[in-house]
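Read the structure below first, then the notes.
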Amino acid sequence: QVQLEESGGGMVEAGGSLRLSCVSSALSFSEHIMAWFRQAPGKDRDFVAAIDWGDGSSSKYADSVKERFTISRDNTKNTVYLQMNSLKPEDTAVYYCAARGSGTSPSMYDFWGQGTQVTVSS
């Protein structure tokens, strides 16, 4: 079983920035594709970004966050990050870290964190 713990959420004004962190308990962290999803009230859980295993040289983003969000990983700290810039009110959601999966569907990931709330005010 892999434990994931997110942090870094909060409230920010539109145009601001936040950096989310997700620490994994997995001994094989560097072998896992890691991803971020988000879920707004009453909506489905949507893909945000994913980063490849190993050195994370490959990443993928949802169109809605391209050029604004950056996913990265530090295998020495078992941590994946999501740097969020130029935040918009529509980015408001609970953000979830996911591990050991692939693609953009939540059903393809094995492990999940509890989520961290991000609220962007206009």
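FYI, the numbering just counts along the sequence from 1. All of these numbers come straight from a predicted model, not from anything done at the bench.
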Listed by chain and number, what are the ring pair (Phe, Tyr, Trp, His ring centres under 6.0 Å) partners of Trp112, not counting sequence neighbours?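 Applying ring pair (Phe, Tyr, Trp, His ring centres under 6.0 Å) to Trp112 gives Phe37.
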
Are Arg68 and Asp91 ion-paired here, with the side-chain N under 4.0 Å from a carboxylate O?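 Yes, Arg68 and Asp91 are salt-bridged.
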
Considering all heavy atoms, the nearest [X]-[Y] contact:
X: Ser122; Y: Ala14; value: CA-CB, 4.4 Å
X: His32; Y: Ala99; value: ND1-CB, 4.5 Å
X: Ala50; Y: Tyr109; value: CB-OH, 4.0 Å

Are more than 12 heavy atoms, taken from residues, nucleotides or ligands other than Glu90, located less than 6.0 Å from that residue's CD atom?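 Buried by this count: over 12 neighbours within 6.0 Å.
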
Would one find more than 12 heavy atoms of other residues, nucleotides or ligands at under 6.0 Å from atom CD of Gln114?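 At most 12 heavy atoms, drawn from other residues, nucleotides or ligands, come within 6.0 Å of this atom.
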
Going from CZ on Arg100 to OG on Ser28, what distance comes out if it is rounded to the nearest 0.5 angstrom?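 If I round to the nearest 0.5 Å, the distance is 7.5 Å.
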
Once rounded to the nearest 0.5 Å, what's the spacing between atom CZ of Arg73 and atom CD1 of Ile33?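 Going from CZ on Arg73 over to CD1 on Ile33, the span is 9.0 Å.
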
With no hydrogens and no angle check, is any side-chain donor or acceptor of [X] less than 3.5 Å from a backbone partner on [Y]?
X: Glu6; Y: Cys22; result: no
X: Thr119; Y: Met11; result: no
X: Asn78; Y: Ser24; result: yes
X: Thr79; Y: Lys77; result: yes
X: Asn75; Y: Gly54; result: yes
X: Asp44; Y: Asp46; result: no

Would you say the side chains of Asn85 and Ser17 form a donor-acceptor pair under 3.5 Å?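 Result is yes, a qualifying pair exists.
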
Run through the side-chain heavy atoms of Ile, Leu, Val, Met, Phe, Trp and Tyr, join any pair under 4.5 Å, and report what else lands in Tyr81's cluster.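 Noted: Tyr81 shares its cluster with no other residue.
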
Running the 4.5 Å side-chain criterion over Ile, Leu, Val, Met, Phe, Trp and Tyr, what cluster does Val2 land in, apart from itself?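 Once heavy-atom contacts under 4.5 Å are chained together, Val2 belongs with Leu4, Val12, Leu18, Leu20, Phe29, Met34, Trp36, Val48, Ile51, Tyr61, Val65, Phe69, Ile71, Val80, Leu82, Met84, Leu87, Tyr95, Phe111, Val118, Val120.
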
Does the Lys NZ or Arg CZ of Arg45 fall within the cation-pi geometry relative to Tyr96 - under 6.0 Å from the ring centre and within 45° of the axis?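 The answer is yes, since Arg45 meets both limits relative to Tyr96.
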
If you apply the rule side chain to side chain contact (heavy atoms under 4.5 Å, CB included), what do you find for Arg38 with Val94, and how did you get there? CA-CA 5 Å; Arg38 66 186 182 186; Val94 177; over 6 Å; no

